[in-house]
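Reading through the structure tokens given below for one structure.
The model shown is predicted, which means the values in this text are computed figures rather than measured ones.
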Amino acid sequence: MGLSLWAHLAKLDSVYRVHRHDWDPVYRVHDPGVYQTPKKQWENATWLVTEFVLVGFSNLPHLQTTLFTLFFLMYLVTLSGNATIITIIHVDRTLHTPMYRFLAVLSLSETCYTLVTIPNMLAHLLMESQAVSIAGCRAQMFFFLGLGCSHCFLLTLMGYDRYVAICHPLRYSVIMRPTVCLCLGALVFCLGFSVALIETSMIFSSPFCNSDRVEHFFCDIAPVLKLSCAQSTGKALGIFFLSVLVVLFSFLLILLSYAFIVAAIVRIPAAAGRRKAFSTCAAHLTVVIVHFGCASIIYLRPESAGNPAQDRLVAVFYTDLARGAGKPQIVAAQSPRATGASDK
């Protein structure tokens with residue numbers, strides 16, 4: 001009887017220890033005999049999220065067709081605008097100057113930028129399944145961040161080009177010679193994708209277990225980071241400050257370039273000369289305001305101030321409509337003589 005009772009109590013204790021593992025991490029460490037099997041269960045539970053579900057605009061099921069039509073037309077306008085700019089600059093040899101070559105690269109970068117997110121969003125508006133694998137989400141975020149950061153640096157480089165053209169017109173052809181432009185362009189994309197690699201690695205360095213619902217129509221930083229099992233404040237702050245550094249550093253350099261530009265333009269005695277100088281910067285300023293304005297709204301505001309529905313609408317404008325802000329660029333491209341005086 002005593003041996004039977006002892007065996008029964010031992011069995012109950014074993015069951016208790018196995019179940020206690022589920023909520024007592026300290027107990028797992030100090031009880032190696034019971035830890036091995038539940039550890040595998042804990043790892044499997046952690047890696048339970050093998051794919052994400054993009055929420056997108058699923059909260060508006062009755063508007064799916066309307067939204068698809070609207071966004072698709074916007075996307076066609078964006079693609080046609082950028083394609084027109086690239087074609088005009090390629091065909092017209094008078095536009096084969098550093099400023100217009102940077103403009104063509106910017107349009108090509110914007111086209112690739114939209115290809116990363118918009119086609120997938122349009123497909124999800126027509127399909128019931130909105131799932132994306134973790135590897136696919138990582139790749140999308142890497143290219144989205146890489147092209148976005150490169151866009152910031154490229155706008156900074158274009159601001160520097162305008163500074164040299166207006167403030168040092170006699171030395172422009174020497175300073176902005178083709179080899180220098182090629183090296184600066186390569187540096188821009190190397191820096192952009194290096195930042196993207198760091199941020200993407202930080203976000204996907206830990207598994208995801210909180211949920212599989214990404215509150216966005218693509219894999220952006222904030223909605224994916226919320227799903228991480230390791231809720232690290234330090235990681236979130238590191239990613240935030242790196243994003244701030246890229247946006248603010250680029251924007252401040254552009255402001256510095258335009259401070260020198262304005263100082264040089266003010267010293268021009270003729271009103272026609274001042275207007276001509278300002279016209280060379282109009283297209284660039286338009287793109288800068290749209291790009292950095294939307295980027296600041298999305299990435300440089302406190303997390304508590306975020307609203308998923310509003311963020312999605314701003315992101316559509318940022319990734320689609322903003323890339324169609326090419327008409328000022330086309331106007332500039334169609335009047336090369338307006339910049340020719342300042343580029344020589």
Among all residues two or more places apart in sequence or in another chain, which pass the ring pair (Phe, Tyr, Trp, His ring centres under 6.0 Å) test with Phe193? Phe142
What's the spacing between His62 NE2 and Leu67 CG if we round to 0.5 Å? 8.5 Å
Closest heavy-atom contact between Ser243 and Ile221? OG-CD1, 4.2 Å
Output the distance between atom CG (Asn120) and atom CG (Leu54), rounded to the nearest 0.5 Å. 6.5 Å
Distance-only, no hydrogens or angles: does the Thr111 side chain make a donor-acceptor pair with backbone N or O of Ser107 under 3.5 Å? yes
Residues forming a side chain to side chain contact (heavy atoms under 4.5 Å, CB included) with Ala263, sequence neighbours excluded: Arg267
Whether over 12 other heavy atoms sit under 6.0 Å from Arg213 CZ: no
Checking Phe208 against Phe52 for the ring-ring contact (aromatic ring centres under 6.0 Å, His included) test, could you report, in this order, the C-alpha distance in whole Å, the side-chain angles of both residues, the deciding distance, and whether it holds? CA-CA 10 Å; Phe208 302 91; Phe52 295 124; 5.1 Å; yes
Quick one: list whatever passes ring pair (Phe, Tyr, Trp, His ring centres under 6.0 Å) with Phe68, sequence neighbours left out. Phe72
Quick one about Asp92 and Tyr100 (side-chain donor to acceptor, distance below 3.5 Å, no hydrogens or angles considered), yes or no? no
Sequence neighbours left out, what passes side chain to side chain donor-acceptor pair (under 3.5 Å) with His96? Give chain and number order. none
Run the side chain to side chain donor-acceptor pair (under 3.5 Å) test against Gln140 and tell me which residues pass, sequence neighbours left out. none
Which heavy-atom pair separates Thr200 from Ala196 by the least distance, and what is that distance? OG1-O, 2.7 Å
Contacts of type ring pair (Phe, Tyr, Trp, His ring centres under 6.0 Å), residue Tyr258, not counting sequence neighbours: His284
Going by ring pair (Phe, Tyr, Trp, His ring centres under 6.0 Å), name the residues that satisfy it together with His90, two or more places apart in sequence or in a different chain. none
Minimum-distance pair of heavy atoms, taken over all atoms of Val116 and Leu147: CG2-CD1, 4.0 Å
Is there a path of hydrophobic side-chain contacts, each under 4.5 Å between heavy atoms, that joins Val53 and Leu125? no
For Val262, the hydrophobic cluster (side chain heavy atoms closer than 4.5 Å, chained through members) also holds Val266
Of all heavy-atom pairs between Tyr172 and Met99, which one has the smallest distance, and what is that distance? OH-N, 3.9 Å
Are Leu108 and Asn82 close enough that some pair of their side-chain heavy atoms sits under 4.5 Å apart? no
The disulfide bond (SG atoms under 2.5 Å apart) partners of Cys149 (sequence neighbours excluded) come to none
Is there a continuous path of hydrophobic side-chain contacts, each under 4.5 Å between heavy atoms, that joins Val174 to Leu157? no
Here the pair of heavy atoms bringing Ala104 nearest to Ile86 is O-CG1, 3.9 Å
Take Leu106 and His151, measure what side chain to side chain contact (heavy atoms under 4.5 Å, CB included) needs, and give me the verdict at the end. CA-CA 7 Å; Leu106 181 66; His151 197 175; 2.9 Å; yes
Any side-chain heavy atom of Val105 within less than 4.5 Å of one from Leu154? yes
For the hydrophobic clusters of this structure (ILVMFWY residues joined by side-chain heavy atoms under 4.5 Å, transitively), does one cluster hold both Ile88 and Ile85? yes
Should His216 and Val55 be marked as a side chain to side chain contact (heavy atoms under 4.5 Å, CB included) after you check the CA-CA gap, both sets of side-chain angles, and the distance that decides it? CA-CA 6 Å; His216 219 304; Val55 173; over 6 Å; no
Between atom CG of Asp161 and atom CZ of Arg101, what is the distance when rounded to the nearest 0.5 Å? 12.0 Å
The reported gap from CD in Glu199 to CE in Met141 (rounded to nearest 0.5 angstrom) is 9.0 Å
Is there a path of hydrophobic side-chain contacts, each under 4.5 Å between heavy atoms of I/L/V/M/F/W/Y residues, joining Leu115 to Phe217? yes
Do you know the tightest heavy-atom contact between Lys235 and Ser205? NZ-OG, 3.2 Å
Check: residues 248-255 side-chain donor-acceptor pairs under 3.5 Å, at least two apart:
unit_1 : atom_1 : unit_2 : atom_2 : d
Ser250 : OG     : Val246 : O      : 2.8

Does Leu187 have any side chain to side chain contact (heavy atoms under 4.5 Å, CB included) partners at least two apart in sequence or in another chain, and if so, which? Leu191
CG-SG distance between Leu145 and Cys219, expressed to the nearest 0.5 angstrom: 10.5 Å
Only counting residues at least two apart or in another chain, list the ones meeting side chain to side chain donor-acceptor pair (under 3.5 Å) with Tyr163. His168
If Ile, Leu, Val, Met, Phe, Trp and Tyr residues are connected whenever their side-chain heavy atoms lie under 4.5 Å apart, and connections chain through other members, are Leu256 and Leu184 in the same group? yes
Pairwise distance CD1(Ile261) to OH(Tyr160) - rounded to 0.5 angstrom: 11.5 Å
After noting the C-alpha distance and the side-chain angles of Ser228 and Ile203, does the key distance pass the side chain to side chain contact (heavy atoms under 4.5 Å, CB included) rule? CA-CA 8 Å; Ser228 177; Ile203 293 172; over 6 Å; no
If you count heavy atoms of other groups shown closer than 6.0 angstrom to CZ of Phe260, is the number above 12? no
Audit row: Val224, Val214, side chain to side chain contact (heavy atoms under 4.5 Å, CB included) steps and yes/no: CA-CA 6 Å; Val224 173; Val214 177; 4.3 Å; yes
